[in-house]
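Following: one structure in structure tokens, then a few remarks.
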Amino acid sequence: MLLERARERGLPVSVYRPSRICGASDSWLCQTSDYFWLLLRGCVEAGLAPVDLAESFDLVPVDYVSRAVVALSRTPGTASRTFHLPADRRIPLARAVDWLRALGYGIDDVPLADWRRAVEGDPANTAFPLLSLLPSGAAGDTTARSGGGTAFDATSTREALRGSGIDCPEVDGRLFALYAESFVRTGFLPPPPR
């Protein structure tokens, strides 16, 4: 709101709003303190995933975000505007878990309530601190309060970047596998057992 007030008073203020920033699409290095990756690691550790958790994630590679912000900041006529930098497609938690399975991780689907009990019973599980952000798993309570988020319209961002050659890479199964490989190398994830 302070930035908006400054803008109203004539100060040129540009706002760049990326969604969930993930690893670079070229080096595959990725930060490990994000809710999404911690939740997935917790699933790997438990060997379980909440099949009925209605949650999806908007992942944008960091190299896209940095290139887009630099290009937008240097484009004439873009001062004092707000640019959203989301991905074009959200990734359901179930799809990310399927990608982990394809890499060899043994993860069984269970109801959210059963998954919660398993994680609550293991305070060392990486997802344990996230439990307060997740629904209880009681009947009808399976929509997460944290990971979903608002969908942002990036039409003006795409228009401003048109012709720049800067496009948001899709985080698909191939790129996800490269992130997981990087996580194994750095010790954030254990190697897949099979």
Side-chain angles (χ1 to χ4, degrees), residues 1-40 43 49-100 112 130 132-135 140-180:
M1 294 309 298
L2 289 174
L3 292 175
E4 192 58 43
R5 285 192 190 132
R7 193 186 271 172
E8 289 168 3
R9 293 178 182 169
L11 192 66
V13 174
S14 295
V15 176
Y16 306 96
R17 298 183 70 193
S19 57
R20 177 169 267 116
I21 300 174
C22 64
S25 62
D26 53 0
S27 70
W28 319 310
L29 294 176
C30 194
Q31 56 91 9
T32 57
S33 60
D34 183 79
Y35 171 85
F36 175 71
W37 301 114
L38 295 172
L39 181 60
L40 289 177
C43 290
V51 68
D52 51 348
L53 181 59
E55 193 160 9
S56 64
F57 300 88
D58 185 344
L59 302 177
V60 290
V62 66
D63 50 325
Y64 161 72
V65 172
S66 61
R67 290 177 64 218
V69 169
V70 169
L72 291 167
S73 70
R74 292 179 171 178
T75 302
T78 61
S80 286
R81 291 181 52 193
T82 298
F83 293 99
H84 299 290
L85 299 158
D88 287 330
R89 290 180 202 84
R90 298 178 72 82
I91 299 169
L93 176 63
R95 182 173 306 142
V97 170
D98 284 342
W99 288 338
L100 286 171
L112 175 59
L130 307 178
S132 65
L133 302 173
L134 293 164
D141 184 19
T142 56
T143 302
R145 293 177 276 282
S146 171
T150 304
F152 293 104
D153 182 2
T155 304
S156 64
T157 304
R158 283 190 213 97
E159 288 172 5
L161 290 173
R162 186 174 291 129
S164 69
I166 300 172
D167 296 305
C168 184
E170 180 183 354
V171 177
D172 56 11
R174 181 199 62 81
L175 186 52
F176 182 92
L178 295 170
Y179 291 150

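Both backbone and side-chain heavy atoms feed into the values below; hydrogens, waters and symmetry mates do not.
- Side-chain atoms of Ser56 do not come within 3.5 Å of backbone N or O of Ile91 as any donor-acceptor pair.
- Atoms CG and OG1, from Leu161 and Thr75 in turn, are 7.0 Å apart once rounded to the nearest 0.5 Å.
- With sequence neighbours excluded, the residues forming a side-chain hydrogen bond (donor to acceptor under 3.5 Å, both in side chains) with Arg158 are Asp88, listed by chain and number.
- Legend: residues meeting side chain to side chain contact (heavy atoms under 4.5 Å, CB included) with Arg174, ordered by chain and number and at least two apart, are Asp172, Leu178.
- Ser19 places no side-chain N or O within donor-acceptor distance of the main-chain N or O of Leu59, the cut-off being under 3.5 Å.
- With rounding to the nearest 0.5 Å, the separation of CZ in Arg67 from CG in Leu72 is 11.5 Å.
- Side-chain atoms of Cys43 and Pro50, non-hydrogen and from C-beta on, do get closer than 4.5 Å to each other.
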When you look at Val171 and Cys22, which way does the side-chain contact (heavy atoms from CB on, under 4.5 Å) test go after all the steps? CA-CA 9 Å; Val171 177; Cys22 64; 3.9 Å; yes
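- A distance-only check finds a donor-acceptor pair linking the side chain of Thr157 to the backbone of His84 [under 3.5 Å].
- For Ala6 against Val13, the heavy-atom pair with the smallest separation is CB-CG2, 4.2 Å.
- Within the 3.5 Å criterion, the main-chain N or O of Arg20 finds no donor-acceptor partner in the side chain of Asp58.
- Leu112 is listed as a side-chain neighbour of Pro135, based on a closest heavy-atom distance under 4.5 Å.
- For the salt bridge (charged side-chain N to carboxylate O under 4.0 Å, His left out) test, residues two or more places apart in sequence or in another chain that qualify with Asp98 are Arg101.
- Of all heavy-atom pairs spanning Pro169 and Ser25, the tightest one is CG-OG, 3.8 Å.
- A 4.5 Å side-chain heavy-atom check between Tyr64 and Leu85 finds at least one atom pair inside the cut-off.
- Checked against side chain to side chain contact (heavy atoms under 4.5 Å, CB included), Arg81 has the following partners two or more places apart in sequence or in another chain: Thr78, Phe83, Ser156.
- Two residues are said to be in side-chain contact when any heavy atoms from C-beta on lie closer than 4.5 Å; Phe176 and Leu100 meet this criterion.
- Applying the salt bridge (charged side-chain N to carboxylate O under 4.0 Å, His left out) test to Arg17 and every residue at least two apart in sequence or in another chain returns nothing.
- For Arg7 and Glu4, the salt-bridge test passes: some basic side-chain N is under 4.0 Å from an acidic carboxylate O.
- Tyr179 is linked by a ring-ring contact (aromatic ring centres under 6.0 Å, His included) to Trp37, counting only residues two or more places apart in sequence or in another chain.
- When all heavy atoms of Ser33 and Leu38 are compared, the closest pair comes out as O-CD1, 3.6 Å.
- Across Val60 and Cys168, no two heavy atoms sit closer than the pair CG1-SG, 3.9 Å.
- Closest approach of Phe152 and Pro86 over heavy atoms only: O-CG, 3.6 Å.
- Note that the CG atom of Leu40 and the CG atom of Leu93 stand 6.0 Å from one another [nearest 0.5 Å].
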Leu134 vs Tyr35, side-chain contact (heavy atoms from CB on, under 4.5 Å): CA-CA, chis, key distance, verdict: CA-CA 11 Å; Leu134 293 164; Tyr35 171 85; 3.0 Å; yes
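- The 12-atom threshold is not exceeded at CG of Leu2, counting heavy atoms of other residues, nucleotides or ligands nearer than 6.0 Å.
- In this structure the side chain of Gln31 never reaches within 4.5 angstrom of the side chain of Ile21, judged on heavy atoms.
- One finds the CZ atom of Phe57 at 12.5 Å from the CZ atom of Arg95 (value rounded to the nearest 0.5 Å).
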